[in-house]
Amino acid sequence: MTRGYDAFSVKVKPDFRAAIVFSFLPLLVACEPRELLTADAGPADAGAAADSGTAADAAADVGRDASVAAERGFLTDGNGRVLILHGANVANSAKGSPYLPGIAREQVLRLSADWGFNFVRYLMLWAGVEPEPGVYDTGYLDEVEQRLDWFHEAGIWVLLDMHQDVYSEFTCGNGAPEWAVRTDGLSVSCPSQWFLGYFEPGVKRCFDNFWDADGGHADLQRRYAAMWAAVTERFKNHPAVIAYDIMNEPHPGSDFDALEALGGESPDSPSPGFDREKLQPFYQRVIDSIRQVDTEHWIAFESRYGAPGNGMPSYFTRLVDPRDGAPRLLYAPHLYSVNLENNQAYDPENDKTVANWEKHRSAEAERLGVALVAGEWGLGPDWKNARLFMREVLGMADRLMMGWSYWSWDPGGWSWMNPDETERETVNDVVRVYPRRIAGVPDSFGFDPDTKTFRMSFHDRAGVEGPTEIYIPEKRFYPAGFDIVMSDAEGNWSAKWDPEKETLELTTPFTGGVHVVGILPRT
């Protein structure tokens, strides 16, 4: 995609656009008005901006009646503003019965209040939804709804994730109910490392039977699609829900290519065939089922388990969204470096996972015509060079202008919190300045965690209403306050600062052109 800049009379590729625009920011700093914001006072013209409303209002426009549509591969809200989602998975603790995350209302509110998150990927399990074929547990769904209410109160959007690992708790993992476990009598044991369970004969057979959509176990996919329709019917009107994630890390079963997953290449790999002939038709079946009851919300799909998370390609062709209007499909792949996890250390010289992931996911999102969110990424906070890896992932996410969901919220483990819920040092990596809503289409944005400088360029799009909203953790990063630098002429823009939510609202004129904004530490 290219875009002409009248000021420069050139066309640039996306990769170079940020460099060109950002190179002019020093001139903007010197020549354009600088408005100072602190926790005690806003700019003189802040009254021109619209009232920011309550935290619940912030989530209200992603419900059933929201006009959510794709714009050049971006999620947008009901006013046409591009959404950028930062958050966490909630939670690993949901994997066992009763399949509910161990999170309380006060902890949910802290996600937005303390860390500025506006997004969670919420784990649900098939075993919790459908304990018997065709029987949906309303008590379980009631419990999910209570937690959705908490997220709505916090102004947090929710991606409902139908989670599985190693197929089912009855095969030493989690996900499918017992009636859907079809091992054909093959053995299953519980290895010391959970992921080794995927090599168990009975586990591979469970997946093979699931993917055989026209064979003797064809009822499995039919039931799964019907289950998703039931979940959708229950939650399609909930204002916190923004999307449905069809299946967590679908495993290829006997088609799993272990060499490829380790970063090797195999000319005879079964992965292209699995993606196109088994996984993609399954996704299409579930998309069609969901669309029978909900034409408004986004539907997320993931790459297969293994190689894509380690930076290798996926092989989907375009999925079809049968709704009227623009498709609302969301690509939500995961990012996990095999080298990093195996060594519990990040080697920036030899580990090319992030660069490879960026290359392939960017190309795939463009080829598939979908929005992009990293559904999972994370690592042990005590691993060598952990914070360097985190900064590289988050810098890459900014370059791709994509949202993300960290694995996971659960205090302890890989979380940015200790078991007692005090913060670890990594909190200052997952917390960053970012644009929550953009009143137009972003050309580029980025946050430098060393200088605490944020820069963004976006261009106008007709029909967009409302201000641009930027989350700025002032208490954490800007004890002396911060400055705003704008490319728009003085008097043509206004700003409003909400110190409680640490959110800046920028109102810019519609010019049909480009706006550049910088956030700088006060000096």
Side-chain angles (χ1 to χ4, degrees), residues 55-69 75 77-78 83 85 87-91 94 98-101 103 105 108 111 117-131 134-164 175 177 223-248 283 285-302 321-323 328-330 332 371 373 375 403 405 409:
D57 291 335
D61 63 356
V62 296
R64 177 174 57 88
D65 296 326
S67 176
V68 184
L75 293 157
D77 70 7
L83 296 173
L85 305 176
N89 283 264
V90 177
Y99 316 118
L100 295 166
I103 192 170
R105 173 180 170 274
V108 167
L111 288 169
F117 292 155
N118 65 346
F119 178 57
V120 299
R121 180 173 177 261
Y122 180 91
L123 275 65
M124 299 179 65
L125 277 81
W126 187 10
V129 177
E130 191 178 11
V135 177
Y136 305 119
D137 188 336
T138 57
Y140 175 68
L141 298 177
D142 289 344
E143 293 283 356
V144 172
E145 183 170 14
Q146 181 186 53
R147 287 152 180 81
L148 292 179
D149 291 343
W150 299 340
F151 291 117
H152 176 55
E153 180 183 358
I156 290 174
W157 290 287
V158 177
L159 170 64
L160 294 176
D161 159 49
M162 202 59 64
H163 209 82
Q164 75 78 34
R223 285 293 181 195
Y224 195 91
M227 177 270 299
W228 254 121
V231 170
T232 302
E233 182 66 43
R234 176 63 185 266
F235 297 121
K236 66 180 181 180
N237 295 324
H238 199 288
V241 174
I242 191 170
Y244 315 111
D245 191 346
I246 295 174
M247 178 183 282
N248 178 70
Y283 281 153
R285 182 173 292 110
V286 178
I287 290 169
D288 293 345
S289 183
I290 289 174
R291 286 293 182 239
Q292 291 296 311
V293 295
D294 183 354
T295 60
E296 302 303 307
H297 285 80
W298 293 75
I299 302 175
F301 64 97
E302 303 184 18
D321 189 343
R323 67 180 302 276
R328 296 179 182 172
L329 300 179
L330 175 63
V373 170
S405 181
W409 166 83

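All values below were derived from every heavy atom in this structure, side-chain atoms included, with hydrogens, water molecules and symmetry-related copies excluded.
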Go through the steps to decide whether D321 and R291 satisfy the test side chain to side chain contact (heavy atoms under 4.5 Å, CB included), and finish with yes or no. CA-CA 8 Å; D321 189 343; R291 286 293 182 239; 2.7 Å; yes
At their closest point, which heavy atom of G134 faces which heavy atom of R223, and how far apart are they? CA-NH1, 3.5 Å
Ignoring hydrogens and geometry, is there a side-chain-to-backbone donor-acceptor pair from Y140 to E130 under 3.5 Å? no
Given Y244, which of F235, Y283, W228, F301 fulfils the ring pair (Phe, Tyr, Trp, His ring centres under 6.0 Å) condition? W228
Looking only at heavy atoms, the pair that brings G128 and D137 closest together is O-CB, 3.4 Å
Has the side chain of W126 got a donor or acceptor atom that lies under 3.5 Å from a matching backbone atom of Y224? no
Could you tell me which non-hydrogen atom of R121 sits nearest to which non-hydrogen atom of S405, and how far apart they are? CB-OG, 3.6 Å
Regarding D294 and R234, does a basic nitrogen lie under 4.0 Å from an acidic carboxylate oxygen? no
Enter the distance from M227:CE to T232:OG1 here, rounded to the nearest 0.5 Å. 9.0 Å
Measure the CZ-CG distance between F119 and L111 for me, rounded to the nearest 0.5 Å. 12.0 Å
Within this structure, what is the CD1-CG distance for the pair I242 and L75, rounded to the nearest 0.5 Å? 5.0 Å
Is there a side-chain contact between I287 and I246, using heavy atoms and a 4.5 Å cut-off? yes
Check: H297 and H238 side chains under 4.5 Å, non-hydrogen atoms: no
Closest non-hydrogen atoms of A91 and P101, given as atom of the first, atom of the second and distance, are N-CB, 3.7 Å
Which atom names give the shortest non-hydrogen contact between R328 and E296, and what distance separates them? NH1-O, 2.6 Å
Compare all side-chain heavy atoms of N118 with those of L83 and state whether any distance is below 4.5 angstrom. no
N/O donor-acceptor pair under 3.5 Å between N89 side chain and L123 backbone: no
Flag the pair M124 / V129 as yes when at least one side-chain heavy-atom distance between them is below 4.5 Å, and no otherwise. yes
Are the side chains of M247 and V286 in contact, using a 4.5 Å heavy-atom criterion? no
Nearest non-hydrogen partners of Q164 and N248, listed with the distance: O-ND2, 2.9 Å
Between L148 and the options I156, V120, L160, the side-chain contact (heavy atoms from CB on, under 4.5 Å) test singles out L160
Measuring from R147:CZ to I103:CD1, what's the distance to the nearest 0.5 Å? 9.5 Å
Are the side chains of W298 and L159 in touch, meaning some heavy atoms are under 4.5 Å apart? no
